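This structure is a prediction, so every number in the text was calculated from the model and none was measured. Throughout, protein chains are lettered first and strands after them, A, B, ... in sequence-line order, and every chain is numbered starting at 1.
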There are 2 protein chains.
Amino acid sequence: MKHTSSLADSRLRDIGKRVTSQRRIVMDILASAEGHLDASEIYERARQANATLSLATVYRTLKALCENGVVRQLHLAGERHHYELDREDRHAHLVCSVCGRIWEVDSTSLSRAARAAGREFGFQVTAARMEVVGVCASCRNELGQEK
Amino acid sequence: MKHTSSLADSRLRDIGKRVTSQRRIVMDILASAEGHLDASEIYERARQANATLSLATVYRTLKALCENGVVRQLHLAGERHHYELDREDRHAHLVCSVCGRIWEVDSTSLSRAARAAGREFGFQVTAARMEVVGVCASCRNELGQEK
DNA sequence: GAGTTAGTTGCGAATGATTCGCATGTGCAT
DNA sequence: ATGCACATGCGAATCATTCGCAACTAACTC
Ligand SMILES: [Mn+2]
Ligand SMILES: [Mn+2]
Ligand SMILES: [Zn+2]
Ligand SMILES: [Zn+2]
């Protein structure tokens, strides 16, 4: 059973990278994730598939994929970065500042506005990120009770 | 000449922090900066005013100010964080991925959209950040010549 | 104005995420 | 099948940020 995750394979070939089992594993994890994993979460899951896959390889893979537009690095909050496949749909992230959970919202209009803003500065927009921070409904409830 | 930067002083009192010369220095730097300094840039400038002010104090001051909404921490790109006074005007940041320079664009409409998106999730929006990444006009010119 | 004390600072050590160096392993073009 | 540039694993190195603790000091009290 030569697990030929053709999705990952072709993406790797497209960007001129060799197809290795490690890269396949990392990409499959990103593809099947609900989204927004950080490096060590990816690492943990990856080890279930290959117990010797190293953290350095996770980072190297993520970097290569980011540099080639396959993956997006998110700077949501805190120290560690999160990663997601660069899907085509524009979306912003809602970050709950209490529990840290993350929601995605469509943002076609936001990115349209971003592009317009960029044009005004002679800026060639390649990416528009938006992070909305707040308190989610359930955390607001709990906070209310404590008080 | 007791340099009584009343602006910084009252802000500090408002948030229940003691007024120290170190905090005044850091806040004055942020106030007079064109914007978006990282911790070590603040540190360097601070040392011109007080040669023994420590980097730890810079970080501690920034953290206290962030926690009290006086300063905003930006996650623009790369490893280090940038800081700016939490001015009232909503603005997004245009980050040139080549030279790293940063422009600010007004974003009232963006933040209105953010708030709407949040409402849809029962989210109480406390902050909306947007980062637009691209290539600035001058970098685009230089890239063109190299090729 | 001196006394008291909790909040601050400086300094160096500790952390924790991310990156490197290098010896070993392996895709893949021929 | 062979060769070699590219990848990986492992541990050490970086680098931003945080801590621990002893020495200060702002601000409150008399
Ligand atoms: Mn960040
Ligand atoms: Mn700004
Ligand atoms: Zn929450
Ligand atoms: Zn530029």
(request) Applying side-chain contact (heavy atoms from CB on, under 4.5 Å) between A:Leu12 and each of A:Leu7, A:Leu65, A:Thr20, report the one that passes. (result) A:Leu65
(message) I need the CD1-C1' distance between B:Ile15 and C:dG7, as an integer number of Å.
(response) 13 Å
(message) Quick check on C:dA17: is either OP1 or OP2 less than 4.0 Å from any side-chain nitrogen or oxygen of A:His81?
(response) no
(request) To the nearest 0.5 Å, tell me how far B:His75 NE2 sits from B:Arg80 CZ. (result) 15.0 Å
(request) Starting from P on C:dT18, measure out to CD on A:Glu79 and report it in whole angstrom. (result) 9 Å
(request) Report yes or no: does B:Asn68 contribute a side-chain atom to a donor-acceptor pair with the main-chain N or O of B:Val70 at less than 3.5 Å? (result) no
(request) Heavy atoms of chain A, cut-off under 4.0 Å: which first and last nucleotide of DNA chain D, 5' to 3', fall inside that, if you could look? (result) D:dA5 to D:dC10
(request) Please state how far atom OH in B:Tyr59 lies from atom P in C:dT9, giving the value in whole angstrom units. (result) 16 Å
(request) Would you mind building the protein contact string for nucleotides 21-30 of chain C? One character per nucleotide, 5' to 3', B for base within reach (heavy atoms under 4.0 Å), S for sugar-phosphate only, - for untouched. (result) B-----BS--
(message) As an exercise, state the distance from CG of B:Leu62 to CG of B:Leu30, rounded to the nearest 0.5 Å.
(response) 6.5 Å
(request) List in numerical order all residues of residues 47-55 of chain A for which some heavy atom is under 4.0 Å away from an atom belonging to DNA chain D. (result) A:Thr52, A:Leu53, A:Ser54
(request) Determine, for A:Glu104 against A:Arg87, whether the closest basic-nitrogen to carboxylate-oxygen distance falls under 4.0 angstrom. (result) yes
(request) Write down the distance between CD (B:Glu67) and P (C:dT8), rounded to a whole number of angstrom. (result) 12 Å
(request) Go through the structure and list residues passing salt bridge (Lys or Arg N to Asp or Glu O under 4.0 Å) with A:Arg72, not counting sequence neighbours. (result) A:Glu84, A:Asp86
(request) Whole angstrom is fine here: how far is it from CD in B:Gln22 over to P in C:dG7? (result) 17 Å
Can you give the donor-acceptor pairs under 3.5 Å from side chains of residues 46-59 of chain A to other protein atoms, not counting sequence neighbours?
from: A:Arg47; atom 1: NE; to: A:Ala51; atom 2: O; distance (Å): 3.1
from: A:Arg47; atom 1: NH1; to: A:Tyr43; atom 2: OH; distance (Å): 2.1
from: A:Arg47; atom 1: NH2; to: A:Ala51; atom 2: O; distance (Å): 2.2
from: A:Asn50; atom 1: OD1; to: A:Thr52; atom 2: N; distance (Å): 2.9
from: A:Asn50; atom 1: OD1; to: A:Thr52; atom 2: OG1; distance (Å): 3.0
from: A:Asn50; atom 1: OD1; to: A:Leu53; atom 2: N; distance (Å): 3.2
from: A:Ser54; atom 1: OG; to: A:Thr57; atom 2: N; distance (Å): 3.2
from: A:Ser54; atom 1: OG; to: A:Thr57; atom 2: OG1; distance (Å): 3.1

(request) Spell out, as yes or no, whether a donor-acceptor pair under 3.5 Å connects the side chain of B:Arg23 to the backbone of B:Thr61. (result) no
(message) I need the A:Leu37 CG to A:Arg45 CZ distance, nearest 0.5 Å.
(response) 4.5 Å
(request) Under the salt bridge (Lys or Arg N to Asp or Glu O under 4.0 Å) rule, collect the residues that match up with B:Arg60, sequence neighbours excluded. (result) none
(message) To check you understand the geometry: which heavy-atom pair defines the closest contact between A:His82 and A:Asp38, and what is its length?
(response) CD2-N, 3.8 Å
(request) Grab the CG-P distance between B:Leu62 and C:dT9 for me, whole Å please. (result) 12 Å
